[in-house]
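Only heavy atoms go into these numbers, but all of them, side chains included; no hydrogens, no water, no symmetry mates. Numbering of residues begins at 1 and proceeds along the displayed sequence.
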Amino acid sequence: MRSLVTQRIAYSNTPTSLRCQERRVAPARAWLPQAVPKETSSVNDENVVSGFKDFAKRIAAAALGTTTALSLILSPAFAASELVRLPASTDPAIFAAQRTLVEAWTIVGQAFVDPSFNGHDWESELREHMMTAYSSSSDDEAFKEISHMLEDLGDPYTRRVPPEEYAAFRVSSDGELQGVGMLIANEPINGHLLVLAPIKGGPADRAGILPGDEVTSINGMSMEGWNGEKAARLLRGRGGTEVRVRLARRTGGIPGVPARPEPPPAVEYREVSLRRERVQLSPLFYAALPPPVLPPGTGGVMPVGMDGRVRQPDGPVGYLRLTSFSSNAAAEMREAIQELEAAGASSYILDLRNNPGGLVRSSIDIARLWMDGSPVVFNVSGREPDEVQSQLVDAPGSALTHRPLVVLVNGASASAAEILSGALHDNHRAVILGDTNTYGKGKIQSVFELQDGSALFVTVARYQTPNGTEIDRIGIIPDRSCMLPGAAAVSDDEGGDSGSFMAGLPMVPGSEVALLESLMGDRCVVAARDVLRDEVAVVANAARVASDIVRPVAMRTAPQTTILPPPA
């Protein structure tokens, strides 16, 4: 294994060059994942190994310098020279882009999963791209050079994410934000900024803001021409601070008489002062769906598990739709399963359609809820692809339920959604249902915060299902299609949309009823209920046969204990 050389780059406030002075350090050992760490919400998206977590901290400490110094970890390609000079722009904005480029180059050089860097000489890449950034006419062009450098790796998942996009990613992965708890979007016809829904229990909800209210101004600034994301940035902020929101609510008028035009709806204006706080976004919707009609003669009970619990086979079907693997997804799913169990659920549908993934830690924790013991969740390899290690559930225990389970997927189910689907399938815990393979993202990224507020997503590992099935560019192949015999083809949409549920969007009055009606007409949900009907019938009939076998044995043995002759 080649040794590493640590290079320190120092510069002044008005730099003319970046100077590198070298010193050797001990040879580096090949990194191989060992165990998945506890999730930290500060900088990690899909940090999958405790060894890499510590390694990433060392890289970050070396790469994320202050405005007076940067530390780089380079290979011996620069060792032939005592001093390496890289041109640094006197334009502060362009120099900031150069500094970020150096950070990205350093981290990729140590963390990227392909040690050959797609056939590129990674050491020479720095000089080439630094020179191009140095000659740029603007900071935008200089920052684009970072993307050009990363594109050469041939990996679409290794990329720099601008500060604003990274902030939105943090909201999604953390499952919470600092704000007023109000989802807003532009109305498609006239572009008015409307409230989609207040998040239940949040400041906007407590203030009486309703879906359909128009946001006309924030802190006295008119929202005319503003889009939802731009306005949302004004609403977010440090907890405890306040923001003033002016709203317009249009109320329906009295129906007119013939030949008389209807009066325009009355408009009620109000201004509220909202105190920002931490608001939790829910990635999960769950409901109890009516059970399918069981075949005649199906057994009357369903003993499940070693604890002797029984369940009526005609109990409801527990439906859970997960839209992302955020840090709070496993805790919310635990509560949902427990509530559905208490409601007598006889089987479950886990809907992962259109789920783009999220935290690997979350997928492992959710797998733990459905499976006993410490099963393999996925296999992972780092820079040495021949060395594959299995990632197990690291908190073994008993599943919350052993009842039949169907997982719904489609072509937009990706990343952590594929990890969970593959784990449940290969451990014979669930039937996978869908019309197409899943997305096929078999790579794991780690996220590094850069000092300019942006972030670097770097592919650090590859993974396979527990049985060794490749996922990347292939996806999970469903066990069955949604177009099963007898399943009504009531929707032509790919995979079905299951209504308009969005992550973080609470079920406001009327929307839950509409969503449930949509689910009962969703062809994949219909097909899943048919699969569960058959599985529930098999379990219930097996239980009846077992009870018929046990009962005669008990009847034969009991009298024998009472008719034995007394001892002589």
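- Comment: R233 engages E164 in a salt bridge, judged by a side-chain N to carboxylate O separation of less than 4.0 angstrom.
- Here E242 pairs with R275 under the salt bridge (charged side-chain N to carboxylate O under 4.0 Å, His left out) rule; sequence neighbours left out.
- Under the 4.5 Å side-chain criterion, counting only non-hydrogen atoms from C-beta, L274 is in contact with I209.
- Proximity of a side-chain donor or acceptor of N186 to a complementary backbone N or O of W226 within less than 3.5 Å is detected.
- Ion pairing of D435 with R523 is present here, as a side-chain N (NZ or NE/NH1/NH2) and a carboxylate O approach within less than 4.0 Å.
- Ion pairing between a basic and an acidic side chain is recognised when a charged N comes within 4.0 Å of a carboxylate O; R334 and E339 show no such pairing.
- At a threshold of 4.0 Å, the pair E277-R206 counts as salt-bridged, since one of the basic side-chain nitrogens sits closer than that to a carboxylate oxygen.
- Between the side chain of T438 and the main chain of G411, no donor-acceptor pair closer than 3.5 Å is present.
- Put simply, the residue from N354, D351, N437, N355 that forms a side chain to side chain donor-acceptor pair (under 3.5 Å) with N410 is N354.
- R533 has a carboxylate O that lies under 4.0 Å from a charged side-chain N of D530, or vice versa, which qualifies the two as a salt bridge.
- Ion pairing between E470 and R462 fails under the 4.0 Å rule for side-chain N and carboxylate O.
- Panel note: side chain S374, backbone V393; a donor-acceptor pair is recorded below 3.5 Å.
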Handout entry: Trace of the salt bridge (charged side-chain N to carboxylate O under 4.0 Å, His left out) decision for R429 with D372
Key = CA-CA 10 Å; R429 179 60 184 91; D372 292 326; over 6 Å; no

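- Of the possible donor and acceptor atoms, none in the side chain of Y166 sits under 3.5 Å from a partner among the backbone N and O of E449.
- Between D155 and K443 there is a salt bridge, since a side-chain N of the basic residue sits under 4.0 Å from a carboxylate O of the acidic one.
- In this structure a side-chain-to-backbone donor-acceptor pair under 3.5 Å is present from N427 to A423.
- Ion pairing between a basic and an acidic side chain is recognised when a charged N comes within 4.0 Å of a carboxylate O; R403 and E535 show no such pairing.
- Legend: ring-ring contact (aromatic ring centres under 6.0 Å, His included) pairs involving residues 339-366, not counting sequence neighbours, sorted by first then second residue: Y348-W370.
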